[in-house]
Every structure is written in structure tokens, then in C-alpha cells.
Amino acid sequence: MVRPFLLTEGRVVAPGAELPMETQVVATTEGLRQLGALAFERRAIVEACGVPQSLAELAVRLGLHLNVVRVLAGDLRAGRFLTVHEPRAAINTDVDVLRRVINGLRAIPTAAGRA
């Protein structure tokens with residue numbers, strides 16, 4: 001098993017800024033064409049982003065730490081492999097959105113297989 005800091009080269013914040021966990025990411029057409037240029041986790045992220053999904057969903061789907069996905073998504077965005085859609089600030093304070101995020105996180109199965 002590879003340590004998370006090795007995947008991100010010791011970085012804990014994506015280039016430019018930290019992406020919120022609800023940020024939506026989707027692979028670009030060029031990113032899908034260039035899959036062969038990517039290795040391991042980066043390739044898995046682009047492959048999984050054939051459909052838009054949040055960074056939190058992506059982390060769970062790939063079994064990676066959220067901060068690793070944030071950093072790698074930032075790298076992939078800079079390389080134009082991914083398009084990133086950050087939520088508007090006004091939405092972040094909407095209590096209903098926050099409740100849906102919390103309920104979604106609670107619904108994620110734990111390592112023991114329980115929700």
C-alpha cells in the first residue's frame with residue numbers, strides 16, 4: 001500500500017487552492033484520449049470521471065483519501081484532463097445542501113461494510 005503523501009508528493013493542497021469536497025469534476029474529451037499518458041491513481045480518476053461527480057464521491061468510489069483526490073484533481077485540472085466546477089459561495093451556506101451532504105456521508109458504507 002502506498003502512503004497518501006507519496007501520491008501527492010507531500011502536498012496537502014491542490015495547486016491554486018483547496019477544492020471543496022462537493023466540487024464536481026468531469027473528464028475532458030482530451031483527458032479521455034490521453035489516458036495512456038497517465039499512471040495509476042491519476043488514470044483511475046480520469047476514467048471514473050466519464051460522468052460528473054463530486055470529489056467526495058470520487059474518493060469513496062476509488063478508495064482514496066479525500067485530500068489525495070483533491071490534490072490529484074487539481075493536478076489533472078492543470079493538465080486539462082479534468083474540468084472542475086466549484087460550487088458558488090452562496091450555495092455553501094445553504095443549510096439544506098449541508099444536510100444533504102451530511103446525510104450522503106452517513107450513507108457511505110464503512111470499512112466494516114455497514115452504513
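Nothing here was measured: the structure is a model prediction, and the numbers come from that model.
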query: Closest approach of G50 and A27, non-hydrogen atoms and distance?
result: N-CB, 4.5 Å

field: Sub-4.5 Å side-chain heavy-atom contact between E86 and P20
entry: yes

Q24: side-chain hydrogen bond (donor to acceptor under 3.5 Å, both in side chains) partners, not counting sequence neighbours: none

- prompt: At their closest point, which heavy atom of N67 faces which heavy atom of R70, and how far apart are they?
  reply: OD1-NH1, 2.9 Å

- prompt: Would a 4.5 Å heavy-atom cut-off, applied to side chains only, mark R77 and L19 as touching?
  reply: yes

query: Do the non-hydrogen side-chain atoms of V25 and V69 ever get within less than 4.5 Å of each other?
result: no

Results of salt bridge (charged side-chain N to carboxylate O under 4.0 Å, His left out) for R33 - residues two or more places apart only: E30

- request: Report yes if the side chains of E41 and L72 come closer than 4.5 Å at any heavy-atom pair, otherwise no.
  value: yes

query: What pair of heavy atoms forms the shortest contact from L82 to C49, and how long is it?
result: CD2-CB, 3.8 Å

query: If you round to the nearest 0.5 Å, how far is OG1 of T23 from NE2 of H85?
result: 10.5 Å

message: If the test is side-chain contact (heavy atoms from CB on, under 4.5 Å), which one of L32, I45, L76 qualifies with F81?
response: L76

Output a table of donor-acceptor pairs, distance under 3.5 Å, between side-chain atoms of residues 55-62 and any protein atom two or more places apart or on a different chain; print 'none' if there are none.
unit_1: E57; atom_1: OE1; unit_2: S54; atom_2: N; d: 2.7
unit_1: E57; atom_1: OE1; unit_2: S54; atom_2: OG; d: 3.3
unit_1: R61; atom_1: NH1; unit_2: A48; atom_2: O; d: 3.3

query: When clusters are formed by joining ILVMFWY residues with side-chain heavy atoms under 4.5 Å apart, either directly or through shared neighbours, do L64 and V26 land in the same one?
result: no

